[in-house]
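First the proteins, then the strands, lettered A, B, ... as listed; each starts at 1.
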Protein chains: 2
Amino acid sequence: MSTDEPVTLIALARAAGVSKTTASDALRNSGRVSEKTRRHVVAVANRLGYSPNPSARSLRRASTGAIGLHLPEVLTRSEYYMSFVFGVVDQAARESYDVTLITSGGVPTRRVDGLVLGDPLETDAVVRGLMASHVPVVTCERFTGDAEPAGVVLSDHAAMFGELLDHLHGAGARRIALLASSAVTDWGATLQRAYRDWCGGHGMPERLRDLPFGSSTEALRSTVRALLDSDPGIDALVCAPDGAAVAAVPVLRAAGRRIGDDLLLASCVDSSPLAHADPPVTAIDLRPRDAGAACARLLFDLFSGAAEQGTVRAQPIGLVKRASTGA
Amino acid sequence: MSTDEPVTLIALARAAGVSKTTASDALRNSGRVSEKTRRHVVAVANRLGYSPNPSARSLRRASTGAIGLHLPEVLTRSEYYMSFVFGVVDQAARESYDVTLITSGGVPTRRVDGLVLGDPLETDAVVRGLMASHVPVVTCERFTGDAEPAGVVLSDHAAMFGELLDHLHGAGARRIALLASSAVTDWGATLQRAYRDWCGGHGMPERLRDLPFGSSTEALRSTVRALLDSDPGIDALVCAPDGAAVAAVPVLRAAGRRIGDDLLLASCVDSSPLAHADPPVTAIDLRPRDAGAACARLLFDLFSGAAEQGTVRAQPIGLVKRASTGA
DNA sequence: ATGAAAGCGCTAACAA
DNA sequence: TTGTTAGCGCTTTCAT
């Protein structure tokens, strides 16, 4: 197509017979150049395959054209985060921004104009470092540490969890157990609180077990077994960690329980295996792609001033009722 | 901690009482400055919280310090890709490189020094564009189109698939059906070919159904049903698409089959739901994190000249035998 | 062993 | 409406 050398603005200007400035202004629609020369410059640019050098532009503008995205390392295997990532990237692309991934393995060398932090763990040193950086930060879910992010995207997990419990109650459950996630994330803590509140409010017994992030399948299964042994009267089980509900199924079967019949099962995180399970498992749909997009959008609104420091935006989530709760 | 203004090299040099050049050299260990001044400059840099401006550095060096990573949009929900991404990012961080994500939604505005393409689809316009870019490209699996990438990371899927079929055969299976992925990726095509070869070589009947990427659960299930109806003598089913094996389970049960007993079940892509399934499902472990790391490593070797244009590297994969095949 | 100066490609202020 | 000039922060000659 063209030579290996990237075409610079000077080369383009020369080829079009105008100055650097005019060429630059023409391509950026600054409204300074006549329509005629603008067209001409654009045509020449296309012919030469010109594309501006982003480093030079960044240096000049003192903005990088990129945002950073961090996800907690321990949680990264789940479908939820993959969708979240694509939500962020797509929204960013729409604003001509790049997305640089940041893992707990290493902070980016490249500066970014802002940061999106998915489920920031208070205990994560990288997260604390990023929160202290000088660029705007948007978190998905609250950061439970000290620092205040510039923006927060929040879903009403407590309300939706209550809806789920109501649904189970309506289907006849009277002893609902919760296999909780550790409370290191705001999400995990919120669910535990909502569970206790609901049980108290409805005069239902609490049957709660807590599981640290990244627990093995075996740990999870023995916890479920212990839960059932401790109270054989349990007639519903809600699992918070992604994947836990699927992993629990064999244990429930082995205990002689019929899922969707004498034991209702639900998950706090929807994923395709749940839809495919036998029976399909009721779950809260966190709509991760939308959440990711919302985070990016909020960050850009913070850049432009359309949103002010400390903005909190709600992000709707849904409940998907399936056969495991008698649907 | 420090002021909001990022500290520049000039500010640092002034504070340390040296010239820009000396400060720069001291921080990069260029071996030009005396040990004493080097220590002094580094100390001052730490005190001021200096960090070099990556845009300025890129501009000067004509390299960006970032690599691009592209994944096919339709496949992105799987656990495989999430691990792959983290493999790439971690390896890149080790070399102080950033990773910019590229979706089919938009090409990055920022230039990158190289590209990693996971399972490049011949039919993807973005992929074709990226392959034609002027930077080195490493693909994970072969690109079935015209262009030649600078490097390829390859697993021997044909051999491992043969091993899987041998395992089924050894467990007594004589009519092994394959629920294949569409042949738009090299991986999908390779599996179909390997299946035909193996069946031919062992005098076994071919029972093959092809499924386009991103098919719905219902499409998948009716395909499995049709497969069983067409030949009730089928005694083993291998599923290529990620998640298909789990989704097939209810259909197999409904047909009165006992998995791991009168019907063996296996998947060509391992994932946690398979390990948690009842019974646990035998699968090929693609080791995506290692694959991602290998791609990044190859790209850096291409940069440094440690690997030459056209290098192809093998990436080992494994077979995980579980109860669904009588293990 | 160190400093001075040029310049990467671009945009913004100042001229014309 | 267009051109000229300065300079973003850094690395790299070239000179001392």
Side-chain angles (χ1 to χ4, degrees), chain A residues 2-42 44-45 48-66 96 98 109-113 134, chain B residues 2-42 44-45 48-66 96 98 109-113 134:
Chain A
S2 71
T3 162
D4 264 6
E5 295 278 305
V7 188
T8 73
L9 185 61
I10 296 197
L12 166 62
R14 199 149 28 207
V18 295
S19 75
K20 298 199 294 180
T21 312
T22 304
S24 175
D25 286 333
L27 294 173
R28 286 176 303 122
N29 287 319
S30 68
R32 270 183 44 138
V33 298
S34 72
E35 183 56 20
K36 189 181 142 208
T37 45
R38 200 192 60 80
R39 287 162 111 83
H40 176 227
V41 170
V42 168
V44 175
L48 298 186
Y50 169 78
S51 80
N53 181 320
S55 301
R57 177 172 280 178
S58 300
L59 181 58
R60 187 60 238 236
R61 288 193 182 159
S63 83
T64 66
S96 297
D98 291 341
T109 59
R110 159 98 28 109
R111 258 169 218 167
V112 292
D113 294 338
H134 62 289
Chain B
S2 73
T3 161
D4 263 5
E5 295 277 307
V7 187
T8 73
L9 185 60
I10 295 197
L12 165 62
R14 200 149 28 212
V18 295
S19 74
K20 297 200 295 179
T21 313
T22 304
S24 175
D25 286 333
L27 294 172
R28 287 177 300 120
N29 287 319
S30 67
R32 269 183 46 139
V33 298
S34 74
E35 182 57 22
K36 189 181 142 207
T37 44
R38 200 192 62 78
R39 286 161 110 85
H40 176 228
V41 170
V42 168
V44 175
L48 298 186
Y50 169 79
S51 81
N53 181 320
S55 301
R57 177 172 278 178
S58 300
L59 181 57
R60 188 59 239 239
R61 289 194 183 159
S63 84
T64 65
S96 297
D98 291 342
T109 59
R110 163 94 29 109
R111 256 169 219 168
V112 291
D113 293 339
H134 62 292

Rounded off to whole Å, could you give me the [atom1]-to-[atom2] distance for the [X] and [N] pair?
X	N	atom1	atom2	value
L9(B)	dG3(C)	CG	C1'	13 Å
N53(B)	dC8(D)	CG	P	12 Å
Y50(A)	dC10(C)	OH	C1'	7 Å
I10(B)	dC10(D)	CD1	P	8 Å
R60(B)	dC10(D)	CZ	C1'	8 Å
L59(B)	dA6(C)	CG	P	17 Å

Point to revise | R61(B) side chain near dC8(C) phosphate (N/O to OP1/OP2, under 4.0 Å) | key: no
Kindly compute the distance separating [atom1] ([X]) from [atom2] ([Y]), expressed to the nearest 0.5 Å.
X	Y	atom1	atom2	result
T22(A)	R38(A)	OG1	CZ	13.5 Å
R60(B)	N53(B)	CZ	CG	14.5 Å
D25(A)	S19(A)	CG	OG	8.0 Å

**Study point:** Any donor-acceptor N/O pair, S58(A) side chain to P54(A) backbone, under 3.5 Å
**Key:** yes
Exercise for review: Kindly indicate, with the supporting measurements, whether the criterion side-chain contact (heavy atoms from CB on, under 4.5 Å) is fulfilled by K36(B) and H40(B).
Suggested key: CA-CA 6 Å; K36(B) 189 181 142 207; H40(B) 176 228; over 6 Å; no
Practice item. Taking only heavy atoms on the protein side, list every residue of residues 25-38 of chain B lying under 4.0 Å from any atom of DNA chain C, sorted numerically. Key: R32(B), V33(B), S34(B), T37(B)
Revision key, fill the gap. Between R111(B) and S51(A) the two heavy atoms that sit nearest each other are NH2-O, 2.8 Å
Review point. Is there side-chain contact between V18(A) and V33(A), with heavy atoms separated by less than 4.5 Å?
Key: no
Check your understanding: Would you say the side chain of K20(B) lies within less than 4.5 Å of the side chain of S24(B), judging by non-hydrogen atoms?
Key -> no
Review point. What residues in residues 14-24 of chain A put a non-hydrogen atom under 4.0 Å from any atom of DNA chain D?
Key: V18(A), S19(A), K20(A), T21(A), T22(A)
